[in-house]
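Counting starts at 1 for both ligands and their atoms, following the listed order.
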Amino acid sequence: MRMTDILERTRDGSGLSREQIEWLVRGVTDGGIPDYQISAWLMAVYFRGMSDRELAVLTDAMARSGDRLDLSSLGGRTVDKHSTGGVGDKTTLVVAPLVAACGGIVAKMSGRGLGFTGGTVDKLESIPGFRTELSSDEFLALSARHGLCVVGQSGNLAPADKKLYALRDVTATVDSIPLIASSIMSKKLAAGARSIVLDVKVGSGSFMKNIEAAKELAAKMTAVGRAAGRRMGAVLTNMDAPLGQAVGNALEVAEAVRVLAGEGPADLTEVCLALAGEMLHLAVGIDRDAAAQRCKAAMADGSAMRKLCEMVTAQGGDASYIERPEKFRRAKRIHTVRATQDGWLSHMDADKIGRASSVLGAGREKKGEPIDHSAGILLRKKTGDWAACGETLCELHTNDEARLPEAQEIFLSALAFSEDRPEPMPLIYEILD
Ligand code: URA
């Protein structure tokens, strides 16, 4: 097989055979194909796209390029969720215990934050003692015992994706629907759950800036998942503004706990209930309305909160931080940003708010950099709110005072004000069948 033939066929849109795609993925994984040819292939896919058949074969080959989790010992109720990135997105911390409290099994691998988006693993590690690196035996044992376990991603999960993603990042080919779909779904397929719910974000804080592109991505990913024998669901949700009020690791854990206690922000609560309902619907096979009712009941009767405490304890964490989130160490410096004029907050650029939080110490620019778990932003006004001159727009939390001016500048550049009340935006655009 020759890479030049594969390049020609992809460039001309003539389609690749299964053998060609599998050969390509092997060469990407073992280093047999040089970076310049892989980069040229990525660019050809960027412009030419891929057929649904090619996408399914590519994703399957990428999923098989490294470790795969075998969750079959846990039965058929295993369910995973993937959010396509966002700011202030702490939904996993809420939906995982919620679904587990209702009978689903959430044995989940999550990622760390990078750039302006946060990661569940960093959030969980703000709970003292919490361990996100477990052996696969311990992961399976805790999942079987509690119906819930959340760990960091195995280093060798879909290595072909790791290589392709690194090259996409430096060849302006990240923004391609088949490449995003194969990247996300290869990791989800390798992670082993029987059912998968995709939270496809739309708006300024996400990859997909409009609803049509988000729908296309969701349709491609669900088709790939079904071709691999998984039960798939997708919810299109708004990421034009951060979700909830907290951005930053410990601040987000505390907010997730408030949601489980029924006292969280309305937008975050609504998105969590929609995702959890869809996960339960797929995992245990009850209809959507019944699943949504069951999830609401698990929030109201405290069973979801107890499940979160159970998981935290099982993974070595101190559950008293969940029972009393005020125990989280606060940042040394909390700076209030105030409105300098009256007006309606008509827009917030979610990615800039994520960047401001990262500057405060909550995020990392490069893999492996340490983060400050107590840093972040508490939003006091969100899109659609009226802000009178002098009212608090947000609190910036940091342990490094020198970072405040830059963070404040980025935060303020994320906001737009108007004299007229903005039209409310939907929070959940669509639940795709
Ligand atoms: N997340 C991924 O894992 N891959 C992409 O390509 C985009 C978002």
Shortest protein heavy-atom distance from atom 8 (C) of ligand 1, along with the residue and atom involved: Phe207 CE1, 3.3 Å

Crowding at CZ, Arg330 (>12 non-hydrogen neighbours, <6.0 Å): no

Polar atom proximity, Ser183 to ligand 1 (N or O, under 3.5 Å): yes

Any side-chain heavy-atom pair of Ser195 and Arg230 under 4.5 Å: no

Sub-3.5 Å N/O-N/O distance, Arg168 and ligand 1: yes

Note, Phe328 side chain near Ile127 side chain (heavy atom, < 4.5 Å): yes

Residue and atom name of the nearest protein heavy atom (relative to atom 3 (O) of ligand 1), distance in Å to one decimal: Lys187 NZ, 2.4 Å

Thr84 heavy atom under 4.0 Å from ligand 1: no

Approximate separation, where rounding is to 0.5 Å, of Asp349 CG and Ser413 OG: 7.5 Å

Under 3.5 Å: N/O of His82 near N/O of ligand 1: no

Heavy-atom nearest neighbour in the protein, as seen from atom 1 (N) of ligand 1, with distance rounded to 0.1 Å: Ile184 CG1, 3.7 Å

Neighbour count above 12 (heavy atom, 6.0 Å) for Glu369 CD: yes

Any donor-acceptor N/O pair, Lys307 side chain to Cys102 backbone, under 3.5 Å: no

